Structures are given as C-alpha cells and as structure tokens.
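Here the structure is a predicted model, which means the values were calculated and not measured.
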There are 2 protein chains.
Amino acid sequence: MAQAPPMTIGDLAAATNTRVETVRWYEKMKLLPAPERSAGNYRLYGPEHLRRLSFIRRGRDLGFTVDQIRELLAMADDRDRSCAEVDTIARAHLAQVERKLADLTRLAHELRDVIGQCGCGSVADCRIIEALSPHGDPS
Amino acid sequence: MAQAPPMTIGDLAAATNTRVETVRWYEKMKLLPAPERSAGNYRLYGPEHLRRLSFIRRGRDLGFTVDQIRELLAMADDRDRSCAEVDTIARAHLAQVERKLADLTRLAHELRDVIGQCGCGSVADCRIIEALSPHGDPS
DNA sequence: CCTTGACCCTGTAGTTGCTACAGGGTGCAT
DNA sequence: ATGCACCCTGTAGCAACTACAGGGTCAAGG
C-alpha cells in the first residue's frame, strides 16, 4: 500500500472547492495547522489536512462562523469530552438561522407586494418608490 | 405657518432610528447630501433630508444594498423617467432574496436533522461532529 | 540549456455596511 | 465658570474572505 503523495495547496483547494487564498487565510486564522514545506518552500498537505479542511468548509456551508468552527474543532479533537456543548452550539445556530429565515420571509412578502403594485408608468407614480418613501408626503 | 427649525444630526438620527455615525457615513458615501452648517460647524438638516434618510433606511430594511439604493434614489429624483428600471432592480432583488430563502430553508433542515440525531454521549460518537466530517472516514 | 507557463510564496489593501473610539470643540443650564 | 450632553474629524476595527503586486519554483518542450 503506497502512501498518498503530499498535495500542494492548489490540489487541496481543488479537492475542497476552496480558493488557494482562503486556505492560506484559514492557516493564518489557526483553523488549519501550518503544514510542512517542500525544499522550494511549498506547503505540503496530507490526508489529515484534507479531512480538517473538509470539516471547516462543511461547517461554513452550514453557516457556522469561523469562531464556532474553531470551537467545534477543539471539541472534535478532544474525543472524550461531552457532546452536550456541540449540541448547544448547533442549537443556538439553528435558532439564529430560523430567525433569519423569518425575517427573509417577511421581506419577500413585502417585496412581492411592492412589485405587484407597479404599473410601470413613470417614476412620478411608481408604487415601488412610493413604498420606500415616508408615508404619504402631504404637500 | 412657521417653518420647522433645522434639526441637528442627533435629532435626525433619532427620527429615523439611525446612529449618528451612520448618518455621517451615508453623507460620505454620497447617499445623503451634505447639509448646511451652523456657526459652530454643526450639520443642520431640513425635512428634505429627513425624507431622503427615511427612504434610505426603509430600503436597507428591505435588504437593498447601498448601491441599489443609490440607483433607486437617482431614479426617484428624475420623476419623468420610466418606472421600468425601478421594477427591474426590485425584481432582481426579490430573486436574490428568494434564493437566499431557499438556501436557508435547506440549511435549517440539515441542522435539524443533525441535532435530532445527537444522543449527547461523548464526542467520540457525536452525530453532529460526524455530520460535519467528510463521509465515513475508513481506517 | 533555456525558456515558457503554470503554479507557489509573502505581504498588503480592498470589499460591505457600518461601529467604536480618540481627541478635540460647542451650547446650554446651573 | 463649570458641568454635561452633544457635535466635529479622522482613523481603525469587524467578518470572511478576495485581489493584487512583486517575486520564486518546477516540469515540459524545443
């Protein structure tokens, strides 16, 4: 069984659908440990880095902040710790997502209302502009 | 009929539920025209500023970007122009909101799934951590 | 052997929409 | 005259990247 050869930063980025600059940024932010370097000073990554970066990316896709991911990683690294903290973070995050969802739903309704009323005449009687303007401009 | 006396930046901010710094920032970003100044170099605002800032704030509440609001303002200022462009911006924005809404809905589902599976034992078999990790780690 | 081109390196500045000072000046009431 | 609340400018910070600039490295083709 041959070991997989180390990956360059470009390989790692491609494998995780990440930009090279972002990988370097995660390293600076200490989400990803600094890897070994080649003779020519290139970063060389192994499968452990791939796993960790995949974790980070998935967390980001799920909308966790970098700080939350840092906490999740610390917990995942400490496998004897209770899972309750992980659950707490996830639940707090879900609550936040649900709040945002409610906001956006309301917003979409308002926008649909506003757009529905527009007869597309001249701006002078555009309902969209009117809806944005302070109520009823009496002059 | 007495004219309303000019408002200070604090008054204007209070009347529109905005922070003073934000008002100054809108001025620098050229959303709000620079007002006259008092002898002591205080900004003095009139009802036109109040109207314009209300418009901006309402647009921001509806999730328009500052750039979009700048365009909407330019159109609103030019009252003979066709309303079709306004409609275009609003529709594009709605489409974007709906995309974000779909993403967040999917995300909330995933988070609920992940949280539901957590029996809260030790991290070693935490389903949340597992769900974030790359599929199935065969070793 | 040399060049070309794709990749890599560091470091810094830009993005969005504000927010938070620091270090001062103004205006009004006591 | 002395507080105190408010105003001024200017700069730096937040999140999470993204986009250079100005260089170095490496493998392949001629």
Inset, instruction - Find the distance A/E36:CD to C/dC8:P and express it as a whole number of Å. - result: 18 Å
Inset, instruction - Please report, rounded to the nearest Å, how far the C1' atom of C/dA6 is from the CG atom of A/D11. - result: 13 Å
Inset, instruction - Have a look at B/R24 and say if it touches a base, only the backbone sugar-phosphate, or nothing, with a 4.0 Å heavy-atom cut-off. - result: base
Inset, instruction - Check whether any side-chain nitrogen or oxygen of B/T22 sits under 4.0 Å from OP1 or OP2 of C/dC18, and answer yes or no. - result: no
Inset, instruction - Calculate the interatomic distance between B/K28 atom NZ and C/dT16 atom P; express it in whole Å. - result: 15 Å
Inset, instruction - Under the salt bridge (Lys or Arg N to Asp or Glu O under 4.0 Å) rule, what do B/E27 and B/R24 come out as? Steps first, then yes or no, please. - result: CA-CA 5 Å; B/E27 181 180 324; B/R24 285 195 283 248; over 6 Å; no
Inset, instruction - Using whole Å, report how far CD of A/E27 lies from C1' of C/dC8. - result: 13 Å
Legend entry - Partner residues of B/R60 under the salt bridge (charged side-chain N to carboxylate O under 4.0 Å, His left out) criterion, sequence neighbours left out: none
Inset, instruction - Using heavy atoms to find the nearest nucleotide of DNA chain C for B/D67 and B/S38 separately, return the residue whose nucleotide is more 5′. - result: B/D67
Inset, instruction - Return yes if some donor-acceptor pair links the side-chain N/O of A/D77 with the main-chain N/O of A/A74 below 3.5 Å, else return no. - result: no
Inset, instruction - Round to a whole Å and report the spacing from CZ of B/R43 to P of C/dG27. - result: 15 Å
Legend entry - Note: A/D103-A/R106 ion pair, threshold 4.0 Å (strictly below): yes
Legend entry - B/R52 (side chain) donor-acceptor with B/L31 (main chain) under 3.5 angstrom: yes
Inset, instruction - Return the set of residues passing side chain to side chain contact (heavy atoms under 4.5 Å, CB included) with B/P47 (not counting sequence neighbours), or none when no residue passes. - result: none
Inset, instruction - Between A/Y45 and B/Y26, just flag the one whose closest nucleotide in DNA chain C comes earlier from the 5' side. - result: A/Y45
Legend entry - Rounded interatomic separation in angstrom, taking CZ from B/R37 and C1' from C/dG27: 16 Å
Inset, instruction - Give me the residues of residues 97-107 of chain A where at least one heavy atom lies under 4.0 Å from an atom of DNA chain C, by number, or none. - result: none
Inset, instruction - Check the hydrophobic clustering (I, L, V, M, F, W, Y; side-chain heavy atoms under 4.5 Å; chains of links allowed) and say if A/Y42 and A/Y26 are grouped together. - result: no
Legend entry - Any donor-acceptor pair under 3.5 Å from B/H93 side chain to B/L62 backbone: yes
Inset, instruction - Side-chain contact test, heavy atoms from C-beta onward, threshold under 4.5 Å: evaluate it for B/H49 versus B/P33 and give yes or no. - result: yes
Inset, instruction - Describe the nucleic acid contact of B/F64 in one word from base, sugar-phosphate, nothing, applying a heavy-atom distance below 4.0 Å. - result: nothing
Legend entry - Partner residues of B/T88 under the side chain to side chain contact (heavy atoms under 4.5 Å, CB included) criterion, sequence neighbours left out: none
Inset, instruction - Check whether any side-chain heavy atom of B/L73 sits under 4.5 Å from a side-chain heavy atom of B/I56, and report yes or no. - result: yes
Legend entry - Axial bend angle, the helix from C/dC1-D/dG30 to C/dT30-D/dA1: five-pair end segments, nearest 10°: 30°
Legend entry - Side-chain (B/R70) to main-chain (B/M29) donor-acceptor, under 3.5 angstrom: yes
Legend entry - Euclidean distance, atom CH2 of residue A/W25 to atom P of C/dG14 [Å, nearest integer]: 19 Å
Inset, instruction - State which of C/dG25, C/dC18, C/dA20 makes the closest approach to the side chain of B/Y42. - result: C/dG25
Legend entry - Span of DNA chain D in contact with chain B (heavy atoms, under 4.0 Å): D/dC6 to D/dT11
